[in-house]
2 protein chains.
Amino acid sequence: MTAPLQSPRRRTRIQQEKRDVILDAALDVFSTHGYRGATIDQIAEAAGMSKPNLLYYFKGKEDIHATLIHRLLETWLAPLKELDDIGDPLTEIRSYIRRKLEMARDFPRESRLFANEMLQGAPRIMPMLEGELKSLVDEKAEVIKGWMRAGKIARTDPWHLIFAIWATTQHYADFDVQVRAVLGPDRGGDGRFEDAARLLEQLFLEGLRPRGQVS
Amino acid sequence: MTAPLQSPRRRTRIQQEKRDVILDAALDVFSTHGYRGATIDQIAEAAGMSKPNLLYYFKGKEDIHATLIHRLLETWLAPLKELDDIGDPLTEIRSYIRRKLEMARDFPRESRLFANEMLQGAPRIMPMLEGELKSLVDEKAEVIKGWMRAGKIARTDPWHLIFAIWATTQHYADFDVQVRAVLGPDRGGDGRFEDAARLLEQLFLEGLRPRGQVS
DNA sequence: CGAAATTTTGACCGAATGGACAAACGTTAG
DNA sequence: CTAACGTTTGTCCATTCGGTCAAAATTTCG
């Protein structure tokens, strides 16, 4: 009867478990149908419980989605944060690409949830894009610029470089169906991520190899 | 009273016009909310007509969406088809990137409609992906392989190379909000496509510059 | 055990949804 | 003018939607 939702501390272990089950089911539904296309009934069924039961754990559709988005963003920016000023630039970039590609492989639903939000015009996370995300990217762009000034990598636009890394890696989560369909049953298996990694490493590392100007 | 829908030939000019207005409105709605998230009322309002009036021109929601998808696919594959065996490989690839980037700039809604379909698992165009698209990509991959064998460009996986071009260019349509937000009001203006073009050309052309093996 | 708290559910509600229909409106050619 | 055809809309319908509620079932704990 009492509402277990607002209190900062989740009480029972059951509550935490059920919330996780719901969020997992909701991630399935939201990531494939978007916010408006998803229904609570669908989520409830996927979570193996009745709709009122689900609404006992979450205030409503919006609440579930917000929780999901919030969780997502925490892990989403982690790889970029790790991009470090110390260490060999090209190694750093290769590591970043690797990490992003692993995320596309291991958390494709999260990637699609994010993509859906973008396609809809990011109505729920616009402030975060203009705030936290922009700050982080600007900061890392400065790091990359430093590498360019030092002649460690070729000069180019750091922001668009980051976009290119995002685009190419997330593509394997967001457009997974297309990738599989085009590669066919033979090459579309688990090996596609290694193949992608090879191509992307060559592309970015060779594309960024320093040349020309002397430091 | 008579149904003007099924006959292959559209009769009046009014019918053609109204259908175009509806499709334009529907493209807005479907591309931002996905199939399930879009509503006929929404489309009708965006098209400036009543719902029954809209349903006079199209059999239903499915019909509108199918027409839209069908139209989209015709123009979507055109750039890749133009990728030609004749001509300098690097120039061909640069042209292809340019064309794809122009499409992201000029037809972002079409790109988002396609992206939405992918996120949903491509339920309505799976056969086309495995058929027409795969054939075309396989064909062009052969062309690219020829260039590699001839030592014109560096050896790499042609399929994933194509994926990388798709991903990076369509990113500017599908993730437009994010790109704008991160670049900020100053750099997020119209110039972002030229900046993107520069980065992508450098990335792909330098990343693919032939080296090592002699032909 | 048994009482209190937690969890689950069936029934229900108003609003929105995709769609049907016939009546009304407009246009045009004889 | 008017009959025929094309176009538009108000009304209606069954279903689904997000969400509520009180009662029932279950768990927890003294």
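In what follows, chains carry the letters A, B, and so on, assigned in the order in which the sequence lines appear, proteins first and then strands, with residues in each chain numbered from 1. From a predicted model like this one, the values you see are computed outputs, not experimental measurements. Only this structure's heavy atoms are used, side chains among them; waters, hydrogens and symmetry mates stay out.
- Distances shorter than 4.0 Å separate some side-chain N or O of B:K18 from OP1 or OP2 on D:dT8.
- Rounding to whole angstrom units, OH of residue B:Y57 and P of D:dG6 are separated by 11 Å.
- A distance-only check finds no donor-acceptor pair linking the side chain of B:D85 to the backbone of B:V143 [under 3.5 Å].
- Counting to the nearest Å, the P atom of D:dT20 and the CZ atom of A:F58 are 15 Å from each other.
- Using cut-offs of 30° and 60° on the angle between ring planes, the pair A:W166 and A:F163 is tilted.
- Scanning for side-chain contact (heavy atoms from CB on, under 4.5 Å) contacts around B:D176 gives B:R112, B:R180, B:R192, with sequence neighbours left out.
- Going from atom CG of B:L55 over to atom C1' of D:dG6 covers 17 Å, rounded to whole Å.
- For the pair B:R19 CZ and D:dG6 P, the computed distance is 16 Å after rounding to whole Å.
- When the side-chain nitrogen and oxygen atoms of B:Q15 are compared with OP1 and OP2 of D:dT7, one or more of them lie within a distance under 4.0 Å.
- Atom NE2 of B:H33 and atom C1' of C:dG18 are 17 Å apart (whole Å).
- For B:E110, the side-chain contact (heavy atoms from CB on, under 4.5 Å) partners at least two apart in sequence or on another chain are B:L27, B:L72, B:W76, B:F107.
- Taking the six-membered ring where the residue is Trp, B:Y35 and B:F30 present parallel rings, their angle staying beneath 30° rather than reaching 60°.
- Distance A:K59 NZ to D:dC21 C1': 19 Å, rounded to the nearest Å.
- Remark: P of D:dG19 and CD1 of A:I43 are 10 Å apart, rounded to the nearest angstrom.
- Remark: A:R94 is not positioned above the aromatic ring of A:F204, lacking an NZ or CZ atom under 6.0 angstrom from the ring centre and at most 45 degrees off the axis.
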Quiz item: What does nucleotides 9-17 of chain C look like as a protein-contact string, B for base, S for sugar-phosphate only, - for none, at under 4.0 angstrom between heavy atoms?
Solution: BBB-----S
